[in-house]
Each structure stands twice: as structure tokens, then as C-alpha cells.
Amino acid sequence: MIQPERLSHTDVAHSLTLFRQQSPLIHCMTNDVVQTFTANVLLALGASPAMVIDAEEAAQFSAMADALLVNVGTLTHSRSEAMLAAIHAANAAGRAWTLDPVAVGALDFRTAFCHQLLLLKPAAIRGNASEIMALAKQAVSGRGVDTQHASTAALQAAVALATETGAVVAVTGEVDFVTDGVRTLSVSGGSPLMTRVVGTGCALSAVVAGFAALPGDRLVHVASACRVVALAGERAAAAAQGPGSFIPAFLDALYQLNPEALV
């Protein structure tokens, strides 16, 4: 039976400090719905976002960036070719890349494409329970990008997927579980308001991509990314009146996070 460990505040503070010191350049091949929000989240945390999608330019840029995010939310055939070019260039340059398998299991093209991408060794995978279970080839029920499963239901699938691919797998929900196939960390926090605005999960994947590229313990770094976003969500929800005021409060909370105070 899998017994997750709690992520320590000291580890989160260390990862956040390192992230801000390095200010990683993150190449976000993400979906059309969330590009601006994702960029603002990364800027608020001190990173440098860039969205480059043309196949030729994407390959050139992914070799220059510190990290690459591949998010299949608005996947097209031409975009899949650009993503493959970027991944191959990132791998050749020794750059870590992260997969966000949006709605995998619900739609055939993206499901087959993401299974193809697993062979290219992502450093990290971030998805909801249904997406992680589908990637692990387990039977799932889902409704597009929405999960019909709690994160605990996908814990075994996440461990199996991490073992198979060598990636750190983060399955997110009311409690996040982050595993490398041997160790598993649990991350609590967040707010239901985070599910009432577009892009918090996709933006989290971009943060995960940046943290996964940091030197040191990748498992701890990815779990810390989850906690940083969850904590900002908690603080934003406490200040917001609803979804409309949540977004600016969330960006402010990310910007104001103090690593020393986390300890």
C-alpha cells in the first residue's frame, strides 16, 4: 500500500528561493485559452515565459529555454508536429520538458499523441486523476477537461506511470500526489474557487515545468510547485468575492509569497 509523505515547508521555501534566483525562461507550448493567464502567473513568480509555436522556431527556442511545457489543450495536427520538434530539440540540448495531457482519455487524437510523447521521456507529467489514469491505460470516466475521479483513485496509476516513464508524476485534485515511482509526496491546500476560473491547472503545469528544471531533487521541486500554487490559491480565495476578483488576488498572492515565511 502506498503511504505518501507530507511535503515539508522547508523544502517548499528552498525550491521557491531557487526558482526566483534562477528566473527560468520557460517555453510554453500551451493552449490558446490560457496563454495570457499562464504568462502572468510565471511573471508573478519571477520566471520568464515565452510562447513560440511555429515548428522551426519552436525547435530553435526549446534548445535555448531552461524548460519546455507541452500542453495539448487545443491540439491540432500542425501543432503536434511543432511540439515534437520542440521536444526533440529540448532532449538534444538536455532541457527538461513537462507534459500536461489535457483531456487525454476523452478524445482519441490527443490520447494517441500523448502516449507517443511518453516515449520521449518527459521530466514531469501534471494532470488530473482521469488524465493520469488514461495515460497509465486504465479505464476512466471523464467529461472533457474535467475529472470524474478523486486524486486518490489515480495514485496507483501515477506510481505506475512514473515507474514506466522515469518522469515525476503529479496528479492534482483536492489533495495533490507527486511521485517518482519510489517516493510519493502529498500536497494539501488550494481552494474550490480555483476550479471556477479558466487556466489554474494549465498555469500550474507551466510552474511545474519551471520547477522541474531546477537542479536538485526533482520530486521535491515538482511537489513544491504544487504547494506554491495551492497556497496562493488559498490566500487569494480569502481576499476574493468570487471568480472575478480571484484572478488578480491570485496573481498578487503569487508575487507576494515569501520563502522565509513559508518556513
Side-chain angles (χ1 to χ4, degrees), residues 25-39 42 49-93 95-148 157 161 164-167 169-172 198-210 212-213:
L25 175 60
I26 303 172
H27 181 190
C28 299
M29 301 186 79
T30 192
N31 70 71
D32 296 334
V33 181
V34 303
Q35 288 191 19
T36 299
F37 182 64
T38 296
L42 292 176
M51 282 68 176
V52 180
I53 199 63
D54 175 78
E56 183 177 348
E57 287 193 338
Q60 182 182 6
F61 192 75
S62 65
M64 298 163 48
D66 297 302
L68 168 66
L69 168 67
V70 173
N71 173 311
V72 299
T74 50
L75 187 66
T76 65
H77 285 86
S78 62
R79 187 165 289 189
S80 70
E81 294 171 2
M83 288 173 171
L84 283 170
I87 291 169
H88 284 300
N91 282 343
R95 303 291 192 262
W97 69 277
T98 292
L99 173 64
D100 185 341
V102 179
V104 160
L107 297 167
D108 292 343
F109 172 45
R110 69 187 58 216
T111 299
F113 180 64
C114 284
H115 280 122
Q116 177 186 356
L117 294 187
L118 294 182
L119 301 176
L120 300 178
K121 298 299 180 181
I125 302 167
R126 201 293 309 172
N128 65 35
S130 294
E131 292 160 351
I132 296 303
M133 292 168 71
L135 274 186
K137 298 183 179 179
Q138 295 187 5
V140 296
S141 58
R143 189 179 62 179
V145 299
D146 297 328
T147 183
Q148 301 297 306
L161 188 61
E164 176 191 351
T165 63
V169 177
V171 52
T172 52
V198 171
T200 52
C202 295
L204 169 58
S205 293
V207 177
V208 164

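Positions are given from 1 along the sequence. Values reported hereafter were calculated over all heavy atoms of this structure, with side chains retained and with hydrogens, waters and symmetry mates removed.
No side-chain donor-acceptor contact under 3.5 Å links R126 to the backbone of L204. Using modelled atom types, no side-chain atom of D66 and backbone atom of I26 make a donor-acceptor pair closer than 3.5 Å.
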Passes side-chain contact (heavy atoms from CB on, under 4.5 Å), L75 versus N31? Steps please. CA-CA 7 Å; L75 187 66; N31 70 71; over 6 Å; no
Apply the test side-chain contact (heavy atoms from CB on, under 4.5 Å) to residues V198 and F37: give CA-CA distance (whole Å), side-chain angles for both, the deciding distance (0.1 Å), then the verdict. CA-CA 9 Å; V198 171; F37 182 64; over 6 Å; no
Starting from the C-alpha separation in whole Å, work towards a yes-or-no answer on side-chain contact (heavy atoms from CB on, under 4.5 Å) for L118 and L161. CA-CA 9 Å; L118 294 182; L161 188 61; 3.9 Å; yes
Decide yes or no on side-chain contact (heavy atoms from CB on, under 4.5 Å) for N91 and I87, but give the supporting numbers first. CA-CA 6 Å; N91 282 343; I87 291 169; 3.8 Å; yes
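Between S62 and W97, every side-chain heavy-atom pair lies at or beyond the 4.5 Å cut-off. With contacts defined as side-chain heavy-atom distances shorter than 4.5 Å, the pair L117/M83 does not qualify. Between T38 and P49 the shortest side-chain heavy-atom distance does not fall below 4.5 Å.
Closest approach of A85 and A55 over heavy atoms only: CB-O, 3.9 Å. In this structure, T98 and S205 approach most closely via the heavy-atom pair CG2-O, 4.1 Å. A67 approaches A213 most closely through the heavy-atom pair CB-CB, 3.8 Å. Closest heavy-atom contact between T111 and G105: OG1-N, 2.8 Å. In terms of heavy atoms, L42 sits closest to C28 at CD1-SG, 3.7 Å. In terms of heavy-atom proximity, L68 sits nearest to A209 at O-CB, 4.0 Å.
With sequence neighbours left out, the side-chain hydrogen bond (donor to acceptor under 3.5 Å, both in side chains) criterion links R95 to no other residue. Here T74 pairs with R79 under the side-chain hydrogen bond (donor to acceptor under 3.5 Å, both in side chains) rule; sequence neighbours left out.
Atom CD of Q35 and atom CE of M29 lie 10.0 Å apart (nearest 0.5 Å). If you take CG on L99 and OG1 on T165, they are separated by 9.5 Å, rounding to the nearest 0.5 Å. Atom CG in D100 sits 6.5 Å away from atom CD in E131 (nearest 0.5 Å). The CG atom of L120 sits 5.0 Å away from the NE2 atom of H88 when rounded to the nearest 0.5 Å.
The aromatic rings of H27 and F61 lie perpendicular to each other, with more than 60° between the two planes, well past the 30° mark.
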